[in-house]
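Below, read A as the first sequence line, B as the second, and so on, with proteins coming before strands; counting in each chain starts at 1. The shown structure was predicted, so the numbers you read here are calculated from the model rather than taken from an experiment.
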Amino acid sequence: MAGRSGHPSTLAQAYALTCALACALATPWVSAAAALKVNGSSTVTPVVTEAAEQLQGQGLSIQVDPAGGSSGGISALGDGRIDVAMSSRPLKASDHERFPGTDFRSVAIGYDAVALVVSRDVWEGGVRQLSREQLQGIYEGRIRRWSELGGPDRRIVFFNKEPGRGTWSMFAGWLYGDADKAPLVSFPEVGSNQETRSKVASTRGAISQLSAAWADGETVFALGLVEGDGEAIAPTSENVTTDRYPIRRPLLLITNGAPDGAASTLVDFLLGTQGQSLVEKHGYLKVAAPPTAAAH
Amino acid sequence: MSPDGSTALTVPQQPPTSSRLAGLARWPWIYTGSLVATGLAALAFLGMLGLFAVESLPVWRHAGLSYLSGIEWFFRVQRFGALPMIYGTLAVSAIALALAAPLGIASAVFVAEILPARLRIPAKTAIELLAGVPSVVYGLLGVILLRGWMQDVLAPFEPLSGDTLATAGVLLAVMILPTIVTLSEDALRSVPASQRQAARALGFNRGEAILRISLPQARSGLVAAVLLALGRALGETIAVFLVVGRQDNQWPDRLLSLEPLAAAGQTLTSKLGGSETHIAYGDPLHWAAMLGLALILLILVAGVTLAGSAVAGPSSGRAAPGKSVRHPDA
């Protein structure tokens, strides 16, 4: 190591070098600032990311980021920080109230189901289905052991999706009629679909809500749901397409005003043949044949 | 390099008392530049403190002091109590320190006092490299390796999963270890060699010299090392986020019992790192509540850092005056 005080010219050289380096590093960032910014649901992210990669060949630059979930994306759009929000829940009245200056327009690019997934030991222990009442019991802490539900003698580890996630909204909405009516509870929370799957798979006695496309049947297992006196309906693609599975949701792209420029290119691509095959490839359902009524 | 000597050569007409200022006046850009830089750094901190204080005002108006003492946080009904998160942050940091401080100081003793000089720098560099590992890497290692292991270790407490306050604490301990080792080693090396020689001359053996001379004289430096590491532990986000469980409202029934540490919890940073920040954006009260957490965190970290510098400042590297050393056989 050299002496304590650097020679002035050495110091100046080092400074100039640092500046040059900083400029060199900043240049690609500056050019990327013109990119279309897309943010929101981690459920929609894989489809849009792959679409962005394919559109890159056509000279379109798109940044996709799943931080914050559906609500995070909608907030960021309302605040003008991004161009397109991805959401796995429909827009709510409260979104319009919070951002009165934003003209939210949503387009459904596909459909997904929210599955209730359990870890292997629960599945193999005999739990294959749950009724709405049983799930309410788990959510409210009245049912604490799998043995009460015909499963192994082990405690129930309920991982709740973070409140901003579309998955949680759809689940709580089905369970209590309206997500805002869900009781105030505190559970360990999980964020993205990736984190949810890995934590459920690696924890004995675990259950959580997960996008059905991520329920692989190898590490985590999707339960059938029972409503009233009905039979158990598993989130198979047949059951979701025919609208028999109860927790189904649209995958939305949301813009401020009608999509234009790069945003409209992205939306058109995703609604076209290539884009819809991407939707299917990632385990979701095409929008071309929506089971019932549709977009907002 | 006496200041008088150097000024006498260049500016002989200056009286010696103002020689230092006169020396600086020769390079006014250094003087003003460094002043501006220092001012900016200080202003950045004060500005941040002010910004968070002002932005979090709505929640203080809404909840008053119960924002600090409340143990329930349900944003959907506008109930904001930060205490369980403060507890989580302090508990996780305490576990980290309890594990890392003894281990770190012990390895600093070995590196500074026992290891031969030619091995000292490689050993220290290897430890310091650990400090450069990004925290998200530690977090992923925690998810892959630590969660399952901690669930087995904590089995007597029957944790629901491997995501616990204790898991986050152990992970943090690994992360702050290099800070403690490298700063403690510096503190020990700054004890003058003559002190050790004198101790040996008085008949102390090597172990006694370390225990009775080096460690006591480096004490303020060691305390500062631990406090600075604590500052890092309090503020660490992503690694904690991934393994702490992020369960709200985990206020323990018995504050000093160990059992709650084997359960999931929430820290100030894991709350701020979660998606709730995005929901809060746009709702003034909820947003204020989130920024209030940031304010609490900022004050905690600043307090610990100031304490660390205060301890390290005046006496590090100098022998404590007037301290008598009793020979073990005396």
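Between B:Ser275 atom OG and A:Trp168 atom CH2 the span is 10.5 Å, to the nearest 0.5 Å. Taking CZ of A:Arg165 as the start and CD1 of B:Ile279 as the end, the distance is 9.5 Å to the nearest 0.5 Å. The distance from the CZ atom of A:Phe159 to the CD atom of B:Gln247 is 10.0 Å, given to the nearest 0.5 Å.
Between A:Thr203 and B:Leu160, the closest heavy-atom pair is CG2-O, 3.9 Å. B:Val77 and A:Leu184 make their closest contact through CG2-CD1, 3.5 Å (heavy atoms, listed as atom of the first residue, atom of the second, distance).
Contacts between B:Pro159 and chain A at a heavy-atom distance below 4.5 Å involve the backbone alone (N, CA, C, O). In this structure, no portion of A:Arg144 lies under 4.5 Å from any heavy atom of chain B. Heavy atoms of A:Ala76 lying under 4.5 Å from chain B are absent altogether. In this structure, chain B has no heavy atom under 4.5 Å from any part of A:Ile74. With a 4.5 angstrom heavy-atom cutoff, A:Asn160 does not touch chain B via any of its atoms.
Listed for the B:Arg246 side chain is no donor-acceptor partner under 3.5 Å among the backbone atoms of A:Phe187. With hydrogens and angles ignored, the 3.5 Å screen pairs a side-chain donor or acceptor of A:Ser75 with a backbone N or O of B:His278.
Between chain A and the residues B:Gly245, B:Ala264, B:Gly162, the most heavy-atom pairs under 4.5 angstrom are made by B:Gly245. Ranked by non-hydrogen atom pairs under 4.5 Å with chain B, the options A:Pro163, A:Gly69, A:Ser71 are led by A:Pro163. Here B:Arg76 is the residue among B:Gln151, B:Glu158, B:Arg76 with the most heavy-atom pairs under 4.5 Å with chain A.
Checked for salt-bridge contact, B:Lys271 and A:Glu189 miss the test: no charged N lies under 4.0 Å from a carboxylate O. Salt-bridge formation is detected for the pair B:Asp163/A:Lys199: a Lys NZ or Arg NE/NH1/NH2 atom is positioned less than 4.0 Å from an Asp or Glu carboxylate oxygen.
Side-chain contact between A:Ser202 and B:Arg147 is present, with at least one heavy-atom pair separated by less than 4.5 Å.
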Query raised in the report: Step by step, would you call A:Ser186 with B:Asn249 a side-chain hydrogen bond (donor to acceptor under 3.5 Å, both in side chains)?
Result: CA-CA 7 Å; A:Ser186 303; B:Asn249 303 320; 2.7 Å; yes

